[in-house]
Amino acid sequence: MFEPLISIVIPLYNKDEWISQTLDSVYKQTYRNWECIVVNDGSTDQSLNQVQNFMSQYPGNWQSVTITNSGQSVARNLGIQIAKGELIAFLDADDLWHPDKLISQVNLFSGNADLDLVLSPYVIFKENQLKGYRLIKLGNPSKLVENWLSLRGFGGLIESSGM
């Protein structure tokens, strides 16, 4: 059975309203072979305290590192450098994952050695929407990846949906 270590990289800057819920969505993953690296990008709110409290209360392969505010790209790159996993999954500090997100994507990699990137649909929650949420399906994944990698356009939240 294919059970690679997944390195989850979370860049964090002033997201104290969301970070505990974000970490909880990692903790509740049905796939358990993961490490989670939170790169605190110089937060000035209570984000880092919440991360430390969460990590002390919920056992897991957690790691936290703090850097001077340098932006999310620098934070993600540092997380990649620290990562030990065979696969990398990014998660923004104000996003949430479905509990089966990791296992679903690992299963796709398992049977397809030619895959380099797996994306998933995602849901946007907004209080003022009629239904309260909106499902986003990936119409043209190749275009989204091209836009994201070239920094020329919207990448469809690859930051939190890709592996």
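As a basis for the values below, the full set of heavy atoms in this structure was taken, side chains included, without hydrogen atoms, waters or symmetry mates. Numbers for residues simply follow the sequence, beginning at 1.
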Linking Ile, Leu, Val, Met, Phe, Trp and Tyr by side-chain heavy atoms under 4.5 Å, what else ends up with [X]?
X: Val65; answer: Ile37, Val39, Ile67, Val74, Leu78, Ile82
X: Leu5; answer: none
X: Leu48; answer: none

Which atom pairs, donor and acceptor, lie under 3.5 Å between side-chain atoms of residues 109-116 and protein residues at least two apart or in another chain?
{"unit_1": "Asn112", "atom_1": "ND2", "unit_2": "Leu108", "atom_2": "O", "d": "2.8"}

Pairs touching residues 18-48 that satisfy ring-ring contact (aromatic ring centres under 6.0 Å, His included), sequence neighbours left out: Tyr27-Tyr58, Trp34-Trp62
Can you name the residues that form a side chain to side chain donor-acceptor pair (under 3.5 Å) with [X], not counting sequence neighbours?
X: Asn61; answer: none
X: Asn107; answer: none
X: Ser25; answer: none
X: Ser56; answer: none

Restricting to salt bridge (Lys or Arg N to Asp or Glu O under 4.0 Å), what partner residues turn up for Asp100, sequence neighbours left out?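 Checked Asp100 against salt bridge (Lys or Arg N to Asp or Glu O under 4.0 Å); zero matches.
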Which salt bridge (charged side-chain N to carboxylate O under 4.0 Å, His left out) pairs, counting each pair once, include a residue from residues 19-41, with sequence neighbours left out?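 Only Asp24-Lys28 qualify under salt bridge (charged side-chain N to carboxylate O under 4.0 Å, His left out).
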Name all residues meeting the side chain to side chain contact (heavy atoms under 4.5 Å, CB included) criterion together with Ser20; count only those two or more places apart in sequence or in a different chain, and write none if there are none. Gln50
